[in-house]
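A note on names: the letters A, B, ... follow the listed sequences, proteins ahead of strands, and every chain is numbered from 1. Computed from heavy atoms alone, side chains included, the values below leave out hydrogens, waters and symmetry copies.
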Amino acid sequence: MLNQKQIRQCLDVMAEMFPDAKGELEHSNPFELVIAVLLSAQCTDKLVNKVTADLFQKYKTPEDYLSVELSELENDIRSIGLYRSKAKNIQKLCQMLLDEYNGEVPSSKEDLVKLAGVGRKTANVVASIAFNEPSIAVDTHVERVSKRLGICKWKDSVLEVENTLMRKVPRDEWSVTHHRMIFFGRYHCKARNPQCPECPLLELCREGKKRMKKLA
DNA sequence: CTCCCGATAT
DNA sequence: ATATCAGGAG
């Protein structure tokens, strides 16, 4: 397990590697962001952007999403995986916004997680990006990177990973750290073919050293 | 825990 | 061919 100083080192190296890491889901308001993040489950953000380019032209408000048949909305997001449950959740979410939040996206995480199709990870992303609330959303990348480096334990749940990161990382760095860990995981510490040989963090990475030994 | 599920990289 | 992709609900 990494100590505080080593974790600090990880954050600094990631900051150097990805100085302007930020969310890559295209949106122009909180409502579009919620839809985009909901769609991004088990799917690349690149594909989400391709779909939302047309989607956001056609649907501007919660009422717009509710004005069409479910099958039509399914069709509009078909190229994204899990499209049936996502389409259903979008309509349910829109109805909830109209019924309980005056048609506006709520800004608190407690309210966000109540929305259909919005779990803890999505709520954290929306709260962080749209409402500037410090958060560390733990997605597959953040979880994998944290566990490989040894910032947390292998069997930790995503909630435990989130709590550990919030304890070890200064609050005012939560949001940037979240984005940098995602970039680090997406482009360098990749799930399939991690770039261990050329990794500046190899010396303090438990999993990295294990992989190098196996490679030799 | 399983299921949802198409696109993409390897 | 198959693992993986900014997960969440039942």
Length of the CD-P vector between A:Gln42 and B:dT8, whole Å = 16 Å
Rounded to whole Å, CD1 of A:Ile90 lies from P of C:dA9 at a distance of 13 Å
In whole angstroms, how far is the P atom of C:dA6 from the NE2 atom of A:His178?
-> 11 Å
A:Tyr59 and A:Asp76: side-chain donor and acceptor closer than 3.5 Å?
-> yes
Residue pair A:Arg192/A:Asp139 against DNA chain C: nearer the 5' end by closest nucleotide is A:Arg192
Would you mind classifying the nucleic acid contact of A:Gly81 as base, sugar-phosphate or nothing, using non-hydrogen atoms under 4.0 angstrom?
-> base
Against the side chain of A:Ser85, the closest entry in C:dA6, B:dC4, C:dG10 is B:dC4
A:His141 side-chain proximity, nearest of B:dC4, C:dC5, B:dG6 | C:dC5
Using a cut-off of 4.0 Å on non-hydrogen atoms, how would the nucleic acid contact of A:Val125 be classed: base, sugar-phosphate, or nothing?
-> base
Give A:Leu47 one of three labels, base, sugar-phosphate or nothing, depending on what nucleic acid heavy atoms sit under 4.0 Å from its own.
-> sugar-phosphate
In whole angstrom, give me the gap between the P atoms of B:dC1 and C:dA6.
-> 23 Å
Under the 6.0 Å and 45° cation-pi test, does A:Arg180 pair with A:Phe184?
-> no
If only side-chain N and O atoms of A:Arg84 are considered, is one of them under 4.0 Å from the OP1 or OP2 phosphate oxygen of B:dC3?
-> no
With a 4.0 Å cut-off on heavy atoms, is A:Lys50 in touch with a base, just the backbone sugar-phosphate, or nothing at all?
-> sugar-phosphate
For A:Asp76 and B:dG6, what is the distance between atoms CG and C1' respectively, to the nearest whole Å?
-> 16 Å
Taking atom C1' in both B:dA7 and C:dA9, what distance in whole Å separates the two?
-> 23 Å
Would you mind classifying the nucleic acid contact of A:Val48 as base, sugar-phosphate or nothing, using non-hydrogen atoms under 4.0 angstrom?
-> nothing
Short side-chain N/O contact from A:Arg120 to OP1 or OP2 of C:dG7, under 4.0 Å | no
In whole Å, what separates the P atom of B:dC4 from that of C:dA1?
-> 23 Å
Taken to the nearest whole Å, CZ/A:Arg144 to P/C:dG7 is 10 Å
Considering only side-chain heavy atoms of A:Tyr83, which listed nucleotide, C:dC5, C:dA6, B:dG6, is closest?
-> B:dG6
side-chain contact (heavy atoms from CB on, under 4.5 Å) assessment of A:Glu26 paired with A:Asp45 = CA-CA 9 Å; A:Glu26 287 167 27; A:Asp45 52 348; over 6 Å; no
Candidate nucleotides B:dA7, B:dC4, C:dA6, ranked by approach to the side chain of A:His179 - the nearest | C:dA6
Side chains of A:Glu133 and A:Ser135, donor plus acceptor under 3.5 Å = no
For residues A:Tyr65 and A:Leu55, determine if any side-chain heavy atom of one lies less than 4.5 Å from a side-chain heavy atom of the other.
-> yes
Atom-pair distance (NZ on A:Lys190; P on C:dT2), nearest Å | 22 Å
Short side-chain N/O contact from A:Thr140 to OP1 or OP2 of C:dG7, under 4.0 Å = yes
Atom pair distance, as rounded to whole Å: NZ in A:Lys86 and C1' in C:dG7 = 8 Å
Contact class for A:Leu115 (heavy atom, under 4.0 Å): base, sugar-phosphate, or nothing?
-> sugar-phosphate
If you pin A:Glu24 and A:Lys114 to their nearest nucleotides in DNA chain C, which one's is more 5'?
-> A:Glu24
Look at the side chain of A:Leu82 and decide which nucleotide, out of B:dC5, B:dA7, C:dC5, has an atom nearest to it.
-> B:dC5
Heavy atoms only: give me the nearest A:Leu47-A:Ser79 pair and the separation to one decimal.
-> CD2-O, 3.5 Å
What integer distance in Å separates A:Tyr187:OH from B:dA9:P?
-> 12 Å
Side-chain ion pair, A:Arg211 and A:Glu207, N-O less than 4.0 Å | yes
